[in-house]
Amino acid sequence: TGLLSQKLGKNFLVVRTAPYDDYKHGVDNLIIDLKTGQVVGAFDEVHENGDLKRTKEKKDKIQTSAKYGGVKITYGLKLVNGKLVRAPLNGIPKFYLSLGTKQLEALEYGLGNNDTQKTDEIFKLLFDSLEAQCDELKGHTNIKEFHVKLDSFKKTISKIF
């Protein structure tokens with residue numbers, strides 16, 4: 001959450017979800033585009049211990065959510081007339097952000113010591129993964145509205161780099 005907030009800057013708001021949405025819907029973070037007011041994506045964080053089992057589980061879950069047109073967020077946020085208001089959200093693209101122990105340690109070091117080289121490396125790694133996930137999720141659904149949201153998300157993240 002800290003890395004995303006730092007790197008996305010003033011154009012996006014990164015927020016932790018309510019515990020209910022974390023446990024019920026498997027969503028840890030939301031990213032809100034402050035220019036459009038839209039939630040551009042939901043993320044589930046994964047700390048991998050080497051066998052990639054947890055990442056595969058998360059990947060299966062995001063593919064299932066794509067099949068049904070995205071994830072539901074019960075206690076979401078949206079921008080209305082310039083103000084954040086609590087609102088349920090539907091059809092949100094869900095992605096996973098996976099880091100191994102060495103990458104997580106590098107990220108912690110980078111954030112704690114203001115080492116932009118380390119944080120940039122991890123940020124690039126995560127966003128390369130998100131681009132790949134975006135392309136992959138398109139193959140798991142025929143819901144046109146969800147394809148539009150995936151295209152919008154990909155366009156949004158491509159502007160960052």
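What you see is a predicted model, and the numbers here were worked out from it, not measured in a lab.
Closest of all the heavy-atom pairs between I31 and F43 is CD1-CE1, 3.2 Å. Residues V71 and K94 approach most closely at CG1-CB, 4.0 Å, considering heavy atoms. Minimum heavy-atom separation, G76 to L30: CA-CD1, 4.2 Å. Considering every non-hydrogen atom in both P93 and L150, the closest pair reads CB-CD2, 4.0 Å. Nearest heavy atoms, I92 versus L89: CG1-CB, 3.9 Å. Considering all non-hydrogen atoms of both residues, L130 and Y96 come closest at CD2-O, 4.2 Å.
Using a 4.5 Å heavy-atom threshold, the side chains of V85 and K78 count as touching. The shortest distance between side-chain heavy atoms of N81 and K83 does not fall below 4.5 Å. Within the 4.5 Å cutoff, the side chain of L4 has heavy atoms near those of the L97 side chain. Contact check for H140 versus I62: no side-chain heavy atoms found under the 4.5 Å cut-off. Taking 4.5 Å as the limit, every side-chain heavy atom of Q103 sits out of range of all side-chain heavy atoms of L107. Taking the side chain as every heavy atom from C-beta outward, V15 and L84 never approach each other to under 4.5 Å. Side-chain contact between R16 and N29 is present, with at least one heavy-atom pair separated by less than 4.5 Å. Looking at T119 and D115, their side chains never come closer than 4.5 Å, going by heavy atoms from C-beta outward.
Remark: N142 CG is loosely packed, at most 12 non-hydrogen atoms of other residues, nucleotides or ligands lying under 6.0 Å away. The 12-atom threshold is not exceeded at NZ of K72, counting heavy atoms of other residues, nucleotides or ligands nearer than 6.0 Å. Counting non-hydrogen atoms of other residues, nucleotides and ligands closer than 6.0 Å to NZ of K138 gives a total above 12.
To the nearest 0.5 Å, atom CD1 of residue I32 and atom CG of residue N11 are 13.5 Å apart. Between I73 atom CD1 and R86 atom CZ the span is 13.0 Å, to the nearest 0.5 Å. For the atom pair L34 CG and F12 CZ, the distance stands at 8.0 Å (nearest 0.5 Å). Note that CD of Q133 and CZ of F127 are 11.0 Å apart. Values are rounded to the nearest 0.5 Å. To the nearest 0.5 Å, atom NZ of residue K58 and atom NZ of residue K56 are 13.5 Å apart. Atoms NZ and OG, from K10 and S5 in turn, are 14.0 Å apart once rounded to the nearest 0.5 Å.
E136 and Q63 share a side-chain donor-acceptor pair at under 3.5 Å.
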What do the steps show when you test T1 against E45 for side-chain contact (heavy atoms from CB on, under 4.5 Å), and what is the final call? CA-CA 9 Å; T1 305; E45 299 167 351; 3.6 Å; yes

Steps toward salt bridge (charged side-chain N to carboxylate O under 4.0 Å, His left out) verdict (K124, D128): CA-CA 6 Å; K124 177 82 170 108; D128 286 348; 2.8 Å; yes

Between F123 and T116, is a side-chain contact (heavy atoms from CB on, under 4.5 Å) present by the stated rule, with each step listed? CA-CA 10 Å; F123 190 68; T116 56; over 6 Å; no

K118 and I122: side-chain contact (heavy atoms from CB on, under 4.5 Å), yes or no, with the steps? CA-CA 6 Å; K118 292 251 187 257; I122 300 297; 5.8 Å; no

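Using modelled atom types, one side-chain atom of T64 and one backbone atom of D60 make a donor-acceptor pair closer than 3.5 Å. Panel note: side chain D21, backbone T74; a donor-acceptor pair is recorded below 3.5 Å.
L111 and L8 fall within a single hydrophobic cluster, where Ile, Leu, Val, Met, Phe, Trp and Tyr side chains are chained together by heavy-atom contacts under 4.5 Å. When the side chains of ILVMFWY residues are joined at heavy-atom separations under 4.5 Å, either directly or via intervening members, L13 and L3 end up in two distinct hydrophobic clusters. Note on F153 and L126: same hydrophobic cluster, where clusters join Ile, Leu, Val, Met, Phe, Trp and Tyr whose side-chain heavy atoms are under 4.5 Å apart, directly or indirectly.
Partner of F95 under the side-chain contact (heavy atoms from CB on, under 4.5 Å) criterion, out of V27, L137, D44: L137 alone.
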